[in-house]
Every structure is written in structure tokens, then in C-alpha cells.
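Keep in mind it's a predicted model, so treat the numbers as computed, not measured.
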Amino acid sequence: MKQRSHAFDLLCGLCIVRMISLHVMQFTGHAQVDWWKELMGWTYFFMSFFFFKSGYFNKGLQGDTMAYVMDKAKRLLIPYISSCILGDLIYFAFVPILVNRYGHPVEPLEWSMLWERGGSLGNYPNWFLFSFFASYVVAHLLEKVRHVHWVALVFPAVSYVLFRMGNPLWMGLNNVFIGVFFLFLGRVWRKAVDRLPRHVTIAVSALLTVAFIAGNIVWHGEYTMSGNRFEGDFLPTIVNSCTILCGLSGLLIALNVPRVPVLAYIGEHSMVYFISHYPMLYFYKFTHLSFGRSIFGRWDDTIILLPTLFAICSWLVPYIESVPWLSGRWKRVADER
């Protein structure tokens, strides 16, 4: 087996912790608390990190298009569809119970969520898997023609224009362009890190990290990939995102950070946490509503949910990863020999 990057497992684990914590705060009605909004404003780049990480490690964008697309479909689209269905089964199992108690669904049944935003009612975060798949395909097609991939430099501007137009693309694909940009940024940064001496990488990465801190204070902008939303000016959002993605990853790699057990484990098995946590949040919320108790505005439920979700997801890791159509962990031909 290839040796894993402890730096990227750590960052990936932090991404998952941020994402699940954000969703818990949203479900319990605390997402607008000042200190939480400040924290989110300093960590907005984490969802983009998954695209950046894929570019950093991916060396196989070329090759036969049909084989490439089929492989990505197995690893991303099939888990996307299956986890959406499982999430919706949990969601709609509670609809008649809640309608019987309250006389109406407790949340609007927005059927348009799928084709407008790419997520399902019971597992909305799955938009990521569909956008991830589309980003891979677009990046592959750009690589098919020599030098055409440099057009990705303007892709963040394309996503920004789509945002200003009201995000008109179906399936939430307005974020694919900036996703491709971060994917190629990861590839370029990998080449730079491989060529630079270790001490130079540390110096450059530290400088980029400091630049992000200064930039985020005096030249602030935020990007929310789930809805392709820009807050603040476009240029600082992109510049600050690039500096922190390169700076933080380069610094941790060059410093050879050791494996951080809990965060690394979450990062190593991020797919399980990603597809599992949202249906469990709905199960918890709807179960309480079925007995006439709301979790909105309650800190006790926040405190209960956070460790419980991570504990259950951790317990589910070996079971979900043994099911390829959920985890995307299909055996490669070389693995079967």
C-alpha cells in the first residue's frame, strides 16, 4: 500500500469535523451565533480543499475518456445515488408521522432541490459528489488537448459570473468551474513542492499562510461551494483561498507532521462520515418532533449530537466501506490479481 500523507489526512479530518459541526449548528439553530460565524469566516476554504487535495494526488486525468468516466461514475455517482436514496427513505418515513401530528410537513417538500442544487431532501450535502464527478470529467476533457487546461485560470471568474446571474445551472453545477480551478491548483502546487528544497517550501508556505491571515483581516471575502455563493469581493476570496490552501498544506507536508489519531482516522475514512451524518441528523430531529419536542435553539442537543454522530459514523466505517456502491471503494483490476 502507498504511504498516506498524514498532513492531508489531518486537513481532511478537519474538513469533515467542520462540515458536520456546521450542519449540527444549523439543525439546532445556532449557525448565526457571532463566535460561530467568525469561525466559519476563517475556515470557509475547507470545502475547496477536497478539490485541491484531489488535484495534488491525481496524476491520471488523461487516458481513454469512456474508461475514465466509468471509473469516476463507480466511485462517485453510484455512492451519490445510493446514499441519496437511503437518506430519502429515512426522510420520507417520518413524513406521514409528522403530517399526522402537525397537519403538514415540518419542512417544505422542495422537489426542485435535486435538479436545482444537486442534493436530495434526505441527504442534501451529496451535491458534493455530483459536482466532484463533473469537475473530474471537465478536468479530464481539458487535459485531452495540449495546453487547453490553462483556461482553468479564468474558471473562478466563470463561477462568479454564474453567481451574479443567480446560479442558473441545474444540479448545482455552478461550482464546477471553481472546483476544476482548485483541482489544477493542487496539481501545480504538487509540482512546486516536489521541486523546491524542504527549507524553501517551509519558508514559502509560512509566508503564504501569513498572507492569508493578513488578507482575511483587511481584504476579506468568503466562498460557499455548496451554493456557489460569494460574500465580499471576488478577488480577495480567490487570492486568500489560494494562499491558505497552498500555504497550510505545504507547511504541514514540509514539517512532516505525525499522524494525529482521531483526525487522521476521520480523514482516512471521510466518505463514510460524509454520506452518513446528514440522514442521522434528520433521524434525530424528526424523532424528537414526532414526540412534540423541537431541537431548534437547544444547546443540549448540540452537545449530544456532536460526539454521537462521530461515534456512530466511526462504528459504521468497516460496514459501509465493505459495500462498494455506498463507499465507492471498488477493487481495481490490479488489486484483484
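Under the 4.5 Å side-chain heavy-atom criterion for Ile, Leu, Val, Met, Phe, Trp and Tyr, Leu207 and Leu252 are members of distinct hydrophobic clusters. Phe296 and Ile303 are members of different hydrophobic clusters when ILVMFWY side chains are connected at heavy-atom separations under 4.5 Å. Leu39 and Leu14 fall into different hydrophobic clusters, where Ile, Leu, Val, Met, Phe, Trp and Tyr are joined by side-chain heavy atoms under 4.5 Å apart, directly or via other members. Under a hydrophobic clustering in which Ile, Leu, Val, Met, Phe, Trp and Tyr are joined whenever their side-chain heavy atoms come within less than 4.5 Å, directly or via other members, Ile16 and Leu316 fall into the same cluster. Linking Ile, Leu, Val, Met, Phe, Trp and Tyr residues whenever their side-chain heavy atoms come within less than 4.5 Å leaves Leu22 and Phe310 in two separate clusters.
The number of heavy-atom neighbours closer than 6.0 Å to CH2 of Trp42, taken from other residues, nucleotides and ligands shown, is above 12.
Closest non-hydrogen pair, Leu11 versus Leu248, comes out as CD2-CD2, 3.6 Å. The nearest pair of heavy atoms linking Leu129 to Pro79 is CD1-C, 4.2 Å. Nearest approach of Ala134 to Leu173, heavy atoms of both residues: CB-CD2, 3.9 Å. The heavy-atom pair separating Asn240 from Gly221 by the smallest distance is ND2-N, 4.5 Å. Looking at every heavy atom in both residues, Met280 comes nearest to Ile312 through SD-CG2, 3.3 Å. Taking all atoms of both residues into account, the shortest heavy-atom contact from Lys53 to Cys12 is NZ-SG, 3.8 Å.
Annotation: cation-pi pair Lys72/Phe133 absent, no NZ/CZ under 6.0 Å from the ring centroid and within 45° of its normal. A cation-pi arrangement is present between Arg117 and Tyr124 under the rule of less than 6.0 angstrom and at most 45 degrees off the ring axis.
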Practice prompt. Start with the C-alpha distance between Thr28 and Asp301, add both sets of side-chain angles, then the distance that settles side-chain hydrogen bond (donor to acceptor under 3.5 Å, both in side chains), and finish with yes or no.
Written response: CA-CA 7 Å; Thr28 56; Asp301 287 302; over 6 Å; no
Worksheet item: Would Cys15 and Met47 count as a side chain to side chain contact (heavy atoms under 4.5 Å, CB included) if you check the C-alpha gap in whole Å, the side-chain angles of each, and the deciding distance to 0.1 Å?
Response: CA-CA 7 Å; Cys15 292; Met47 208 65 202; over 6 Å; no
Practice prompt. Apply side-chain hydrogen bond (donor to acceptor under 3.5 Å, both in side chains) to Arg18 and Thr43, showing your working.
Written response: CA-CA 8 Å; Arg18 179 192 185 273; Thr43 57; 2.7 Å; yes
Practice prompt. Begin from the C-alpha positions of Ser241 and Tyr44 and carry the test side chain to side chain contact (heavy atoms under 4.5 Å, CB included) through to its verdict.
Written response: CA-CA 9 Å; Ser241 297; Tyr44 71 89; 3.2 Å; yes
Discussion item. Run the ring-ring contact (aromatic ring centres under 6.0 Å, His included) test on Phe45 and Phe212 for me, step by step, so that the C-alpha distance in whole Å, both residues' side-chain angles and the decisive distance to 0.1 Å come before the verdict.
Written reply: CA-CA 11 Å; Phe45 58 87; Phe212 166 76; 5.6 Å; yes
Practice prompt. Please test Glu231 against Thr224 for side chain to side chain contact (heavy atoms under 4.5 Å, CB included), starting from the C-alpha separation and ending with a verdict.
Written response: CA-CA 8 Å; Glu231 297 180 32; Thr224 304; 4.3 Å; yes
Item to complete: Test ring-ring contact (aromatic ring centres under 6.0 Å, His included) on Trp299 and His30 and set out the steps.
Response: CA-CA 8 Å; Trp299 283 106; His30 302 302; 3.7 Å; yes
Practice prompt. Begin with the C-alpha distance, continue with both residues' side-chain angles, and end with the deciding distance and a verdict on side chain to side chain contact (heavy atoms under 4.5 Å, CB included) for Leu76 and Tyr136.
Written response: CA-CA 10 Å; Leu76 294 170; Tyr136 264 124; 3.8 Å; yes
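A salt bridge links Asp300 to Arg293: one of the charged nitrogens lies within less than 4.0 Å of a carboxylate oxygen.
Atom CZ of Phe50 sits about 10.5 Å away from atom OG of Ser48, to the nearest 0.5 Å. In this structure, Leu121 CG and Ile90 CD1 are separated by 13.5 Å, a value rounded to the nearest 0.5 Å. Annotation: the span from Tyr68 atom OH to His140 atom NE2 amounts to 7.0 Å, rounded to 0.5 Å. With rounding to the nearest 0.5 Å, the separation of CG in Leu326 from CZ in Arg329 is 12.5 Å. The line from CD1 of Ile266 to SG of Cys313 is 9.0 Å long, rounded to the nearest 0.5 Å. The line from CD1 of Ile275 to CZ of Phe128 is 12.5 Å long, rounded to the nearest 0.5 Å.
Between Phe27 and Tyr282, the gap from one ring centroid to the other is short of 6.0 Å. Aromatic rings of Phe51 and Phe132 (six-membered ring for Trp) have centroids within the 6.0 Å cut-off, being under it. For Phe181 and Phe155, the ring centers are positioned 6.0 Å apart or more.
Side-chain contact check for Ser5 versus Phe57: some heavy-atom pair is nearer than 4.5 Å. Residues Pro236 and His220 are not in side-chain contact: their nearest non-hydrogen atoms beyond the backbone lie 4.5 Å or more apart. Considering only heavy atoms from C-beta on, His104 stays 4.5 Å or farther from Val99 through its side chain. Counting heavy atoms from C-beta on, the side chains of Lys37 and Met25 never come closer than 4.5 Å. By the 4.5 Å heavy-atom criterion applied to side chains, Leu251 and Ile202 are counted as neighbours. For the pair Phe52/Cys246, a side-chain contact is recorded, criterion being any heavy-atom separation below 4.5 Å from C-beta on. Side-chain contact between Asn228 and Phe177 is absent, with no heavy-atom pair separated by less than 4.5 Å. In this structure the side chain of Asp34 never reaches within 4.5 angstrom of the side chain of Glu38, judged on heavy atoms.
Without hydrogens or angle criteria, Asn167 side chain to Gly172 main chain gives no donor-acceptor distance under 3.5 Å. No donor-acceptor distance shorter than 3.5 angstrom exists from the side chain of Asn126 to the backbone of Gly119, with no hydrogens or angles considered.
Listed by chain and number, the residues in a side-chain contact (heavy atoms from CB on, under 4.5 Å) with Leu98 are Phe94, Tyr102, Val106, Phe286, Leu289, Ser290 (sequence neighbours excluded). Shown here are the side-chain hydrogen bond (donor to acceptor under 3.5 Å, both in side chains) partners of Ser249, two or more places apart in sequence or in another chain: Trp189.
Paired with Leu306 under the rule side chain to side chain contact (heavy atoms under 4.5 Å, CB included), one option of Thr302, Leu309, Thr308 passes, and it is Thr302.
Listed by first then second residue, pairs satisfying side-chain hydrogen bond (donor to acceptor under 3.5 Å, both in side chains) with a partner in residues 260-281 read His23-His277, Arg259-Glu268, His269-Glu321, Tyr273-Ser314, not counting sequence neighbours.
The aromatic rings of Tyr223 and Phe230 lie tilted to each other, with the angle between the two planes from 30° to 60°. Between Phe8 and Phe49, the ring-plane angle classifies as parallel under the 30° and 60° cut-offs.
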Contacts under 3.5 angstrom, residues 156-163 side chains, donor-acceptor by atom type, not counting sequence neighbours:
from	atom 1	to	atom 2	distance (Å)
Ser159	OG	Asn174	O	3.0
Ser159	OG	Ile178	N	3.1
Tyr160	OH	Arg164	NH1	3.0

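Cluster partners of Val188 are absent, since no Ile, Leu, Val, Met, Phe, Trp or Tyr has side-chain heavy atoms less than 4.5 Å from it. Met66 shares a hydrophobic cluster with Met70; the chain of contacts runs through ILVMFWY side chains whose heavy atoms sit under 4.5 Å apart.
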